[in-house]
Amino acid sequence: MNRMPKIILHVDNSREFGRGLLRGIARYSQLYGPWFFCRKLPFYLDPDLSQNFVTNLREIQADGIITWGVGNIADILAMALPTILCDIRRNMTDSHCIITDDAAIGEMGAVHLLERGFRQFAFYGFNQMFWSMGRAEGFRKKLEMRG
């Protein structure tokens with residue numbers, strides 16, 4: 001009998017992106033699994049908040065990890081587990097990554113407003129966040145294309 005693959009899910013589910021990611025992973029597992037999922041306890045149920053997360057991952061003896069929002073990616077990559085990074089870091093070229101198309105998101109926002117008849121526009125974002133600037137650029141370009 002084959003052993004069911006054990007996959008660590010380290011995904012922040014407090015925001016819609018993380019919840020959507022988990023729904024997609026569950027659907028994928030239904031089609032191509034089954035997989036056994038391991039998740040860290042929520043902070044309010046964790047009896048020892050001082051434990052090192054990466055040390056605990058080694059004890060699980062998992063077959064792979066899907067992670068989003070981990071502070072030290074280098075420690076996880078050093079474990080030599082098959083890893084998928086669901087993050088917005090564009091400099092992780094040595095790993096499998098799920099990234100967003102920020103320009104397309106900005107374009108979609110502009111099209112949505114144009115289709116509803118708006119004629120005056122503004123973009124509110126974060127100068128220090130590359131993803132926000134990419135969205136602003138897509139928003140601006142789409143509006144310029146439409147005159």
Side-chain angles (χ1 to χ4, degrees), residues 1-116 121-143 145:
M1 186 167 125
N2 290 342
R3 185 176 75 79
M4 188 182 308
K6 189 184 298 185
I7 308 299
I8 297 167
L9 292 179
H10 190 264
V11 176
D12 174 14
N13 63 351
S14 67
R15 291 181 263 168
E16 180 53 33
F17 176 82
R19 291 188 297 271
L21 190 61
L22 291 170
R23 282 191 299 274
I25 292 167
R27 272 189 237 119
Y28 187 90
S29 175
Q30 287 175 338
L31 291 172
Y32 302 102
W35 294 346
F36 180 82
F37 294 113
C38 304
R39 293 214 44 202
K40 184 178 179 189
L41 286 173
F43 72 92
Y44 53 86
L45 295 177
D46 193 341
D48 187 4
L49 293 175
S50 65
Q51 287 182 332
N52 181 344
F53 177 67
V54 174
T55 301
N56 292 341
L57 290 181
R58 286 187 182 99
E59 293 171 2
I60 292 173
Q61 298 179 351
D63 298 296
I65 182 168
I66 301 173
T67 180
W68 175 52
V70 172
N72 193 350
I73 297 295
D75 287 343
I76 287 177
L77 294 176
M79 294 173 55
L81 278 175
T83 302
I84 297 174
L85 303 173
C86 308
D87 213 332
I88 54 175
R89 301 169 197 214
R90 306 256 185 217
N91 60 351
M92 301 302 291
T93 57
D94 58 342
S95 300
H96 298 285
C97 298
I98 297 172
I99 56 174
T100 56
D101 185 343
D102 298 314
I105 292 170
E107 290 175 15
M108 287 172 54
V111 168
H112 175 79
L113 296 174
L114 285 165
E115 287 174 349
R116 278 145 188 79
F121 304 93
F123 184 89
Y124 180 79
F126 303 97
N127 288 334
Q128 68 278 18
M129 301 297 214
F130 72 88
W131 54 267
S132 183
M133 299 311 294
R135 293 173 188 192
E137 185 66 12
F139 186 78
R140 184 188 59 77
K141 282 184 178 179
K142 182 55 78 173
L143 292 173
M145 283 177 41

Where is the tightest heavy-atom contact between [X] and [Y], given as atom of each residue plus distance?
X	Y	result
Ile66	Cys86	CG2-SG, 3.6 Å
Gly125	Ser132	CA-OG, 3.2 Å
Arg39	Val11	NH2-O, 3.0 Å

Requested in this report: Using a 4.5 Å cut-off on heavy atoms from C-beta on, say whether the side chain of Phe139 contacts that of Leu113.
Outcome: yes
Query raised in the report: Quick one: are Leu114 and Leu143 in side-chain contact, heavy atoms under 4.5 Å?
Result: yes
Report task. Apply side-chain contact (heavy atoms from CB on, under 4.5 Å) to the pair Asp102 and Phe130, showing each step before the final yes or no. Result -> CA-CA 9 Å; Asp102 298 314; Phe130 72 88; 4.3 Å; yes
**Report entry** Sequence-distant partners of Arg23, salt bridge (Lys or Arg N to Asp or Glu O under 4.0 Å), two or more places apart
**Finding:** Glu16
Report task. Could you pull out all residues at least two apart from Arg140 that satisfy salt bridge (Lys or Arg N to Asp or Glu O under 4.0 Å)? Result -> Glu137, Glu144
Nearest 0.5 Å, please: how far is [atom2] in [Y] from [atom1] in [X]?
X	Y	atom1	atom2	value
His10	Leu85	NE2	CG	12.5 Å
Asp101	Trp131	CG	CH2	14.5 Å
Thr67	Leu81	OG1	CG	11.5 Å

Query raised in the report: Ser29 side chain to Trp35 main-chain N or O, any donor-acceptor pair under 3.5 Å?
Result: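 Checked: pair present.
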**Report entry** Criterion side-chain contact (heavy atoms from CB on, under 4.5 Å) on Arg135 and Phe123, from CA distance to verdict
**Finding:** CA-CA 9 Å; Arg135 293 173 188 192; Phe123 184 89; 4.0 Å; yes
